[in-house]
Each structure stands twice: as structure tokens, then as C-alpha cells.
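We use all heavy atoms of the structure for the numbers below, so side chains are in, but hydrogens, waters and symmetry mates are not.
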Amino acid sequence: RICVITLAEAHPLLQSGKTIKNINYQISANCSRLQNKVSGKSKRICLFIFQMQGAQFLTELAPLCRISSSDGEEYTIYSCIRGRLIEVNENILSNPALLQEKPSTEGYIAVVLPKFEESKSITQGLLTQKEYEEVLLKRRSSAS
């Protein structure tokens, strides 16, 4: 039920060998994902939250952060899921290479908790690894 947001294997930052220059969780003048403060009855090691107060609500199109590469490109990373922002990974601010070196573990971007009643439909809409690889294959063949 908890969603860990990471860069996809096919993201240009992971495929092109670009160097990450900067990660910015400041979305607008009035919105910083770093200001997200979650409190409640229980935030256990397994990250199961019984009651959350102060967590930012995200839609599928809500930006989480912006990543700048050394060649001047900027990538906006979106939540892609509706739910409460539990935490952002502040470790990538001081060590941006984690995004490329360990994208699915220490290089995660954020943790989002979808509404309980929506979590099953979200899970059912996800691609399997095989389906994802087929999408990538079709994308590559249409680009060439």
C-alpha cells in the first residue's frame, strides 16, 4: 500500500550517462516538498501510518522535484499517484549520484501513501516487469 517513487529504468538520467547537478524539492514560491511534516499516532519502522497530520496531498500530476543535469537539461518528476506525501529523500540532496547508482533503494525520491480505498485499483493498473519491457521495446522501435 505504500508507494516508493523512483526514476524508471528508461529515464534519460539513467540511460544517457548524464551527471546530476542539482535536485530541487521547491516546486513553487509557496510550495516546498521539504516542508512536508508528517505527525500522528504511529510512524513505525514499516512506515504504516494510522493517522497522518500535515502530510501534503498529491495528485497524479503533482510535481515532486526538479532534477537538473550538467548539460542544462531539467526534468520534473511527478508523483504519478494520488495520496499523501509521507517523506522525501533528503539524502539525494547532498548525494545526487544515489539517483543513478541506487535508483530503486537509497536513491528513491519520495514515499507516497495512497488512500486505502484507492490502493487496490492503483495496484491493478500497474504494469508487470514484462509489460514494462514490452512498452520500452515498442518505444525504442518506433523512435528508430
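- Sorted by first and then second residue, the salt bridge (Lys or Arg N to Asp or Glu O under 4.0 Å) pairs with a member in residues 90-100 form an empty list; sequence neighbours excluded.
- Sequence neighbours left out, not one pair with a member in residues 133-144 passes salt bridge (Lys or Arg N to Asp or Glu O under 4.0 Å).
- Leu64 pairs with exactly one of Ile27, Thr76, Ile5 by the side-chain contact (heavy atoms from CB on, under 4.5 Å) rule, that one being Ile5.
- Residue pairs meeting the salt bridge (Lys or Arg N to Asp or Glu O under 4.0 Å) criterion with at least one partner in residues 19-36, sequence neighbours excluded, do not occur; the list is empty.
- Cluster note: Leu137 groups with no other residue, as no ILVMFWY side-chain heavy atom lies under 4.5 Å from it.
- The stretch residues 100-116 participates, sequence neighbours left out, in these side chain to side chain donor-acceptor pair (under 3.5 Å) pairs: Glu87-Tyr108, Lys102-Glu106.
- Residue pairs meeting the salt bridge (Lys or Arg N to Asp or Glu O under 4.0 Å) criterion with at least one member in residues 5-18, sequence neighbours excluded, are Lys18-Asp71.
- Scored by the ring pair (Phe, Tyr, Trp, His ring centres under 6.0 Å) test, Tyr75 finds His11 as partners (sequence neighbours excluded).
- The side chain to side chain contact (heavy atoms under 4.5 Å, CB included) test applied to Gln26 returns Asn24, Ser32, not counting sequence neighbours.
- Note: Ile86 CD1 to Leu113 CG = 4.5 Å, rounded to the nearest 0.5 Å.
- Counting all heavy atoms, side chain and backbone alike, Leu136 lies closest to Ala10 at CD2-CB, 3.2 Å.
- When the side chain to side chain contact (heavy atoms under 4.5 Å, CB included) test is applied to Glu131, the partners found at least two apart in sequence or on another chain are Leu127, Thr128.
- Of all non-hydrogen atoms in Leu99 and Pro103, the two that sit nearest each other are O-CB, 3.1 Å.
- Here the CG atom belonging to Leu7 is positioned 8.0 Å from the CD1 atom belonging to Ile92, to the nearest 0.5 angstrom.
- The CG atom of Leu13 lies 5.0 Å from the CD1 atom of Ile20; values are rounded to the nearest 0.5 Å.
- In this structure, Leu85 and Ala55 approach most closely via the heavy-atom pair O-CB, 3.5 Å.
- Checking Leu98, Leu34, Asn22 one by one against Leu93, the side-chain contact (heavy atoms from CB on, under 4.5 Å) holds for a single residue, Leu34.
- Considering every non-hydrogen atom in both Glu74 and Ser68, the closest pair reads OE1-OG, 3.6 Å.
- At a threshold of 4.5 Å between side-chain heavy atoms, the hydrophobic network of Ile, Leu, Val, Met, Phe, Trp and Tyr places Val4 and Phe57 in two separate groups.
- Within the structure, ring pair (Phe, Tyr, Trp, His ring centres under 6.0 Å) pairs that include any residue of residues 125-144 do not occur (at least two apart or interchain).
- Side-chain atoms of Ile2 and Val111, non-hydrogen and from C-beta on, do get closer than 4.5 Å to each other.
- Cys65 is not listed as a side-chain neighbour of Val88, based on a closest heavy-atom distance of 4.5 Å or more.
- By the side chain to side chain contact (heavy atoms under 4.5 Å, CB included) test, Thr19 is found to be paired with Ser70, residues two or more places apart in sequence or in another chain being considered.
- With sequence neighbours excluded, the residues that form a side chain to side chain contact (heavy atoms under 4.5 Å, CB included) with Pro114 are Cys3, Ile81, Ser119, Ile122.
- The backbone N or O of Gln35 lies less than 3.5 Å from no partner atom in the side chain of Tyr25, so there is not a single donor-acceptor pair.
- For the atom pair Ile23 CD1 and Ile67 CD1, the distance stands at 5.5 Å (nearest 0.5 Å).
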